Amino acid sequence: MMQGTFKALFVAAALILSAGCAREWQNPESALPAQNVAIATILASPDAYDMSGVEVIGKVWNLRYESHGVNEYGEEIIYTTFTLADRKGIGVDVFVKGDAPIAEGDYLKVVGLYRKQFQTTGPYFYSRIDAVRLESWSPNLVYWVREFEFD
C-alpha cells in the first residue's frame with residue numbers, strides 16, 4: 001500500500017516538473033532562424049548568405065503560378081513565384097509552395113532560405129529565396145528615411 005502511494009506521488013511530481021519545461025510549439029515549416037537583411041546586400045555577397053535564413057522586405061512583381069505535375073494522390077503541385085524588389089528595383093526571386101494569397105504590387109516581408117544555385121544555361125548562378133513565411137507589410141516613414149540614408 002505504501003509503495004503504491006509512493007509511486008503515485010512520484011508520477012505526480014514528475015508531471016508537475018515537466019509541465020514547467022514545456023515550450024510553445026512552433027510549426028517547423030514556418031519556424032526558421034533568419035536575419036533581417038537588405039536584398040541588395042544578399043545579392044552583393046551571395047556566398048555569404050547561401051543556405052542561410054533571411055528576412056527581406058519589398059514589393060511583389062512578376063507574380064506567377066506554376067504547376068509542377070501531380071503528386072501521388074493525383075493532386076496538382078502548384079508553386080507561387082514572384083520577384084521581391086526593394087525601392088531601387090533590386091529584386092530577388094521568391095518561390096512559395098502552394099497558391100499564395102498575394103497580389104501584384106503587395107508589400108511583403110518574406111522569411112525563407114536563400115539559395116545560390118549553379119545552372120548550366122543562361123546566367124551561371126541563379127539566386128532565389130524558398131519562402132517559409134509571407135507577412136503583409138506596410139512601409140512607414142522610418143523605413144523610407146532609413147533607406148534614403150544609404151543613397
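Note that this is a predicted model, so its numbers are computed, not measured. In what follows, residues are counted from 1 in the order of the sequence shown.
Interatomic distance, Lys97 NZ to Ile78 CD1, rounded to the nearest 0.5 Å: 14.0 Å.
When all heavy atoms of Lys59 and Gly105 are compared, the pair lying nearest together is CE-O, 3.4 Å. Nearest heavy-atom pair, Val37 versus Tyr49, reported as atom, atom and distance to 0.1 Å: CG2-OH, 3.6 Å. A pairwise comparison of heavy atoms in Thr80 and Gly98 identifies OG1-O, 2.7 Å as the closest pair. Between Gly91 and Ile39, the shortest heavy-atom contact is C-CG2, 4.0 Å.
Between Asp47 and Lys116 there is a salt bridge, since at least one side-chain N of the basic residue sits less than 4.0 Å from a carboxylate O of the acidic one.
Among residues two or more places apart in sequence or in another chain, the side chain to side chain donor-acceptor pair (under 3.5 Å) test is passed with Ser136 by none. Every side chain to side chain donor-acceptor pair (under 3.5 Å) that Thr81 has, sequence neighbours left out, goes to Arg64, Glu66. Under the ring pair (Phe, Tyr, Trp, His ring centres under 6.0 Å) criterion, Tyr65 pairs with no residue at all, not counting sequence neighbours.
Glu55 places none of its side-chain heavy atoms less than 4.5 Å from the side chain of Gln35. Using a 4.5 Å heavy-atom threshold, the side chains of Asp106 and Trp137 count as separate. In this structure the side chain of Ile90 reaches within 4.5 angstrom of the side chain of Leu43, judged on heavy atoms.
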